[in-house]
*Asks:* 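The following block contains the structure, expressed as structure tokens.
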There are 2 protein chains.
Amino acid sequence: MGTAASGRSKAESPSKGDRTRESILRVAVDLASVEGLEGLTIGRLADELSMSKSGLFAHFGSKEDLQLATVAAAREIFAEHVLRPALTVEAGVPRLWALCENWIQYIEGKVFKGGCFFAAASFEFDSRSGPVRDAIAAAMKEWLGALTRAVDVAIREKHLKASIDSHQFALEIYSLPIGAHCGFQLLEDKKALKHIRTSILARIQSVATATCPQVKIRR
Amino acid sequence: MGTAASGRSKAESPSKGDRTRESILRVAVDLASVEGLEGLTIGRLADELSMSKSGLFAHFGSKEDLQLATVAAAREIFAEHVLRPALTVEAGVPRLWALCENWIQYIEGKVFKGGCFFAAASFEFDSRSGPVRDAIAAAMKEWLGALTRAVDVAIREKHLKASIDSHQFALEIYSLPIGAHCGFQLLEDKKALKHIRTSILARIQSVATATCPQVKIRR
DNA sequence: CCTACCGATCGGTAGG
DNA sequence: CCTACCGATCGGTAGG
């Protein structure tokens, strides 16, 4: 996957071209989170980086390639901030809650300039077709899958009641922060993130067993 | 508000210009729900309507005016499908539930070609500024406000426990269908809408009093 | 990585 | 409501 600009394959030190590409994508991700993936134009991106359009374009074969590379870069940033830190947390409800907390902090901390890259991209491409839409859908499925797995594990660990439907429950946990994002970013409701933290925690506790470890809102 | 193209004010029959404007906006709303409000270009819209760019443009002073008129038209359609039908339903939990059901049916019935116009517009404009963003935010505040009012009325009618925070509860009810929209439209999860119906109903019932009227999923 | 360029389309205007 | 046009920007290419 990716355009594999350089021929290197092992963990050699990145070439200058690789580093340029990386710095382009870091800016692209921020720009796309504000302007959208379609509004991410090669001209504006080149301007922002003080380089020529064609110089930038040499790193990507087409606009679609640039979009795909931007989605991949955003996915890596999401994994770094939300998914991977949760894997170090105790399996079961503590890990499920860590995923939620990480997601909310990643919004609160404005990891992307324009709020959640994937929330924006999801709604921008949800009625289109093609490779970019597929890449976004794959990323969201990964996230929903991670939540579902965390719920399943929490059931297996007897932290959550076995009677719940893990798919349905995961979809709830998936939905609440998206709504909070909307409240926070568009409606400028300063309480939205706090409210949704409370809602998710209460929802988890409503289906927790007596042997479930305590979880609480991070301070 | 609006560009008020004609000088008529009362309920006279709409002029030919008014009717043209209306038919333009019906197409604009569908196009914007797919391509986004920024991707709604005057050229594409004129093509779709088999009229000239400048002929179409004569109805609006600028692209921003076209976007504002499109938001207003979408708002009217939303009110017609979701808000107004709920006002005929018994106040309290039945009305709250009707708002949710109407929203989900409006997604299921593909009232807009590309899914919910406002979900797309919200995430497209949530990190911009200007009149278009403000119009979208106002529409979403109206919707969240309608939900909050319905919750407050349900508390007053003693359908819901007085201990709940109506703002927080409304934000939950607001969030769940947005997540379901994502599952339905992007992830093509056919169970998403059914799951979220069940989730919302269960959530309402979890804070219902003994005197709350029965509500159930419409068939 | 650059300059210099391509045809197409953008939002918008003049004039009828 | 139209034709005919404007400068700016789009994605992309040639050639170095």
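Predicted, not measured: the structure shown is a model, and the values here were computed from it. Within every chain, numbering begins at 1; the chains are lettered A, B, ... in the order of the sequence lines, protein sequences first and strands thereafter.
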*Asks:* Find the distance B/Leu49:CG to D/dC2:P and express it as a whole number of Å.
*Replies:*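 In whole Å, D/dC2 P lies 10 Å from B/Leu49 CG.
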
*Asks:* For DNA chain D, what dot-bracket results from Watson-Crick or G-U pairs at under 3.5 Å, with [ ] for crossers and | for inter-strand partners?
*Replies:* ||||||||||||||||

*Asks:* Could you state the CZ-P distance from B/Arg44 to C/dT9, rounded to the nearest angstrom?
*Replies:* 12 Å

*Asks:* Less than 4.0 angstrom from a charged side-chain N to a carboxylate O is my criterion; do B/Glu90 and B/Arg95 meet it?
*Replies:* no

*Asks:* Between A/Phe112 and A/Tyr106, how do the two ring planes meet: parallel, tilted or perpendicular, split at 30° and 60°?
*Replies:* perpendicular

*Asks:* Verify side chain to side chain donor-acceptor pair (under 3.5 Å) between B/Asn102 and B/Arg218, making sure each step is shown before the conclusion.
*Replies:* CA-CA 10 Å; B/Asn102 291 350; B/Arg218 248 182 253 161; 2.9 Å; yes

*Asks:* Any donor-acceptor pair under 3.5 Å linking the side-chain atoms of B/Asp189 with those of A/His167?
*Replies:*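 Their side chains do contain a donor-acceptor pair, which is all the 3.5 Å distance test asks for.
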
*Asks:* Testing the 3.5 Å rule here: is there a donor-acceptor pair between the side chains of B/Ser127 and A/Gln185?
*Replies:*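 Result is no, nothing qualifies.
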
*Asks:* Please state whether the rings of B/Phe78 and B/Phe118 are parallel, tilted or perpendicular, taking 30° and 60° as the class boundaries.
*Replies:*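 Correct class here is perpendicular.
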
*Asks:* Please report the closest heavy-atom contact between A/Leu99 and A/Leu83, naming both atoms and the distance.
*Replies:* CD2-CD2, 4.0 Å

*Asks:* Tell me whether B/Glu38 is salt-bridged to B/Arg128, with the criterion being a basic N under 4.0 Å from an acidic carboxylate O.
*Replies:*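 B/Arg128 and B/Glu38: salt-bridged.
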
*Asks:* Each nucleotide N or O in nucleotides 11-16 of chain D that has a protein N or O under 3.5 Å away: list the pair and distance.
*Replies:*
{"from": "D/dG11", "atom 1": "OP1", "to": "A/Lys63", "atom 2": "NZ", "distance (Å)": "2.9"}
{"from": "D/dG11", "atom 1": "OP2", "to": "A/Ile42", "atom 2": "N", "distance (Å)": "3.1"}
{"from": "D/dG11", "atom 1": "N7", "to": "A/Lys53", "atom 2": "NZ", "distance (Å)": "3.1"}
{"from": "D/dG11", "atom 1": "O6", "to": "A/Lys53", "atom 2": "NZ", "distance (Å)": "3.3"}
{"from": "D/dG12", "atom 1": "OP2", "to": "A/Lys63", "atom 2": "N", "distance (Å)": "2.5"}

*Asks:* If you compare every side-chain N and O of B/Ser52 against the phosphate oxygens of D/dC1 (OP1, OP2), does one of them come in below 4.0 Å?
*Replies:*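 B/Ser52 to D/dC1 OP1/OP2: no side-chain N or O under 4.0 Å.
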
*Asks:* I need the CG-C1' distance between B/Leu45 and C/dC10, as an integer number of Å.
*Replies:* 14 Å

